[in-house]
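In what follows, a structure is listed as C-alpha cells, so that the remarks can point back to it.
What you see is a predicted model; the values in this text were computed from it and never measured. First listed ligand is number 1; within each ligand, the first listed atom is number 1. Basis for what follows: all heavy atoms, side chains included, without hydrogens, waters or symmetry-related copies.
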Amino acid sequence: MLNLNGMTARTHDLAAITALGIVVLSQPVRTVTLATAIVAVFANLIGGITPDIDQPTAPLWRNLPVGKYFGKVFDDFTGGHRFLTHSLLGLAIFGFAAHWLLIFLHPIMQSVNIGLVWWAFMIGMLSHLVMDTLTKEGVPWLLPVPIRLGLPPIKAFRITTGKALETFGVFPALLVFNACFYWANYHKLLDILHRHLV
Ligand SMILES: [Zn+2]
C-alpha cells in the first residue's frame, strides 16, 4: 500500500486494537453483550484510520467510484494531510459527530452499548495521533496553534514513515507487545471471555 504521508493503515489498525486491549484489560471487568464487543472492535479500527481521511489516497476514499474527487475536496477542506483531523480539535469534532451518529443508529442495534462503542472509536482515533507523533512529520495536536509536536522531540530519532523501521520495527514491536500483554493478562482475558460476554 502506497502511503507517503503516514504510517500504514495496517500499523494504525494494530495500534488501535492494541490501545483498546490495554484500556479494556486495565479497567475493572464489566459485562458486555457480544454485539457490543463486535461493534466496538469495528468502531475502534475505523477510529484508528479516521484521521487519515484527509489524504486523497486514503483507503476509505480510494474504494469509492468518486473517491478521488471527494478526497480532494475533503483534503482542501481539512487543510491537507495531518491538519485538522490530526489535532485535539479534530478529535473533539469527530467525537461529537460519532456521538450523534451512534444515537441515530441505536434504534437498529439496541443490544449494543453505544457509550462503550463511542469510547472504542475515540481510543482508536487517539492511538492514531499518538503513533503519528512518533514520526518525523509530527502532529499538530494544538491546532489552530500551528506547531507540530513529535516524540522524541529531536526529529532525527523519530520514525520515517513507510520505511523499513515501520515495517520491520514498529509493526513487529506492537505484535510482541500484544503477545506479552495478553500473556500477562491471560486469566483476566479468560474471565472476560467466559463470564462477562453475554
Ligand atoms: Zn495520520
- Query: Please walk me through it: do Asp191 and His187 pass side chain to side chain donor-acceptor pair (under 3.5 Å)?
  - Reply: CA-CA 6 Å; Asp191 181 44; His187 290 290; over 6 Å; no
Looking at Asp132, the N, O or S atom sitting nearest the Zn ion (ligand 1) is OD2
Among N, O or S atoms, Asp52 approaches the Zn ion (ligand 1) most closely through OD1
Per residue His86, nearest N, O or S atom to the Zn ion (ligand 1) is named NE2
Notebook entry, point to check: Under the side chain to side chain contact (heavy atoms under 4.5 Å, CB included) criterion, do Arg158 and Leu151 qualify, and how do the steps go?
Noted result: CA-CA 7 Å; Arg158 288 186 227 150; Leu151 273 177; 5.9 Å; no
- Message: Tell me whether the count of non-hydrogen atoms from other residues, nucleotides or ligands lying under 6.0 Å of CG in Leu193 goes above 12.
- Response: yes
Could you walk me through whether Lys188 and Val29 pass the side chain to side chain contact (heavy atoms under 4.5 Å, CB included) check? CA-CA 8 Å; Lys188 192 167 181 179; Val29 177; 3.5 Å; yes
With a cut-off of 2.8 Å, does His12 place any N/O/S atom under that distance from the Zn ion (ligand 1)? no
